[in-house]
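Just so you know, ligand 1 is whichever comes first in the structure, and atom 1 is the first atom listed for that ligand. Just so it is clear, the values below take in all heavy atoms, side chains as well, and ignore hydrogens, waters and symmetry mates. In what follows, residues are counted from 1 in the order of the sequence shown.
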Amino acid sequence: MKTILHDNVTTREGELYFSNVKVTDIIKDYGTPIFLLDENKIREHINEYKSAMKEYFGEGSMPLYASKACSFKELYRVVKSEGVGTDIVSPGELYTAVAAGFDMSKAFFHGNNKTDRDIEFAMDSGLGYFVVDGLEELDAIEKIALRKGIKQKILLRITPGIDPHTHKKISTGGVDSKFGSAIATGLAEKMVKESLKRYAVVLKGFHCHIGSQIFEVDPFIDAVEIMTEFIADMKSKFDFVADVLNLGGGFGVRYKECDPIISYTENIKAIGAKLDEQCKALNIKKPVIYLEPGRSLVADAGMTVYEVGSVKSIEGIKNYVSIDGGMTDNPRYTLYQSPYTVISVNKPEAACDFKCTIAGRCCESGDIIQEDVMLPKVERGDLIAVLVTGAYNYSMSSNYNRIPRAPVVMVYNGTPRLAVRRESYEDLILNDM
Ligand code: LLP
């Protein structure tokens, strides 16, 4: 048995297995293109976060799955069954979570522009926390909560001013962000002052999110330092004691062999140590810590399988392998030139001596999944798989060129089941008058 990149993708006697199920068997039942999602892997990651956070942050701390990474009913049910919370960023994600029976008291509503309707809908759904982005939103929440006669818990989204790529503290780094209120401009402080004046809004603490796909722990340590200093400052200025500090998501994931292997437990341990040190030094109460992992819970639990349609060799230039999906199910190469590992499904152990570019089927030259991939010689009808597609693939998929969205099949303890069915052509015209 050989493992490819992550332990849920293996080869045995010329066959490719995903989460211990023969991939060709799943394809026989459900067709291509298709997203496969390994439920055991997702639960494994959630449990790693849960136990590390309990050990290093203390009781009450927990991960909140950032469901923008991948959102559909069955996934909220899995998250719910693990007893953790979720981060939602739109009324659509909210609606999906509610429809799945999620405990909305553990849901945190993000976003830089929540409409009055969104706010009302969230309150009616029993939402736990709004993560408030700015003053107008604070006013709107106060007004609607007053009308409903409720007290609404909120966190304030704070921009700490950290550049996660250089991991340097720069005081104005986040000032140009469209999200949150920057400490550097004084808006963060103003938001605290304003929140404390409101009657129907209960300020519980603060939130920050410094970025995504971060392999180093230093930027998170910097975030702890800046945010605890802010907590101490707000305590001295307004006598406000923050109960909650939500440090957002962002831990990196291995997409290719060359990416580093990082330990989420070690990251959490280092963050916890810094937190303890800061709380002691600043003489503040240790807040309950939340993290909002998205990518690191679901990315390596995913794999996309495509069927090859055409193989076009442009002499001396490149070989195109065209597949039955593309930017409609994975726009991440088109958008960010994201790296991916591509493998052959039906010849997983053959020598990879054919250099090619994997092209999608959209009428768009930029519809590329990956360039300069090494595969065994492929031909029409072969199956290929793109690994680590569990995050920001299905959730970012579209109907461009009126291509129906691919289904999601979840595998749990060796049994595949349909979690999202394949879109039909009728689905495509459902809203057309
Ligand atoms: N919390 C907040 C407030 C966020 O904005 C995000 C991601 C997360 C948590 C989760 O971060 P993660 O653990 O997944 O890194 N479409 C892009 C990623 C956008 C991330 C947006 N915010 C991509 O495909 O790479």
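- Of the charged side-chain nitrogens involved, none lies within less than 4.0 Å of a carboxylate oxygen, so that D133 and K178 do not count as a salt-bridged pair.
- Here is the list of ligand 1 atoms found below 4.0 Å of a heavy atom in R157: 3 (C).
- Heavy atoms of G250 approach ligand 1 to within less than 4.0 angstrom.
- From L36, atom CG reaches atom OG1 of T389 across 8.0 Å, with rounding to the nearest 0.5 Å.
- Y320 and S310 share no side-chain donor-acceptor pair at under 3.5 Å.
- A distance below 6.0 Å separates the ring centres of Y290 and F108.
- Centroid-to-centroid, the aromatic rings of H207 and H110 come within less than 6.0 Å.
- With respect to the salt-bridge test (charged N to carboxylate O, under 4.0 angstrom), the residues D367 and R361 do not qualify.
- Close approach of ligand 1 to H207 is summarised as follows: ligand atoms under 4.0 Å from at least one heavy atom of the residue are 3 (C).
- Looking at P293 next to ligand 1, no N or O pair under 3.5 Å apart turns up.
- Counting atoms of ligand 1 from 1 in the listed order, those under 4.0 Å from a heavy atom of A66 are 8 (C), 9 (C), 10 (C).
- For Y392, a nitrogen or oxygen atom sits less than 3.5 Å from a nitrogen or oxygen atom of ligand 1, counting backbone and side chain alike.
- For ligand 1, none of its N or O atoms has an N or O atom of H110 under 3.5 Å away.
- Residues I4 and I343 have side chains in contact (heavy-atom distance under 4.5 Å, counting atoms from C-beta outward).
- Considering backbone and side-chain N/O atoms, E292 comes within less than 3.5 Å of an N/O atom of ligand 1.
- Ranking protein heavy atoms by distance to atom 17 (C) of ligand 1, first place goes to Y336 OH, 3.2 Å.
- Only the side chain of D87 comes within contact range of ligand 1, with a heavy atom under 4.0 Å; no backbone atom does.
- The shortest N/O to N/O separation between S212 and ligand 1 falls below 3.5 Å.
- The closest side-chain donor-acceptor pair between R157 and S181, if any, does not fall under 3.5 angstrom.
- Here the two rings, on Y264 and Y49, have centers that are under 6.0 Å apart.
- Among all non-hydrogen protein atoms, the one lying nearest atom 5 (O) of ligand 1 is K68 NZ, 3.3 Å.
- Here atom 11 (O) of ligand 1 lies nearest to H209 when heavy atoms of H209, M396, Q213 are compared.
- With ligand atoms numbered from 1 in the order given, ligand 1 contributes 12 (P), 13 (O), 14 (O), 18 (C), 23 (C), 25 (O) to contacts under 4.0 Å with heavy atoms of R295.
- Protein heavy atom nearest atom 24 (O) of ligand 1, with residue, atom name and distance: R332 NE, 2.5 Å.
- For ligand 1, the polar-atom distance check finds an N/O of G294 within less than 3.5 Å of one of the ligand's N/O atoms.
- A centroid separation of less than 6.0 Å is found between the aromatic rings of F230 and F206.
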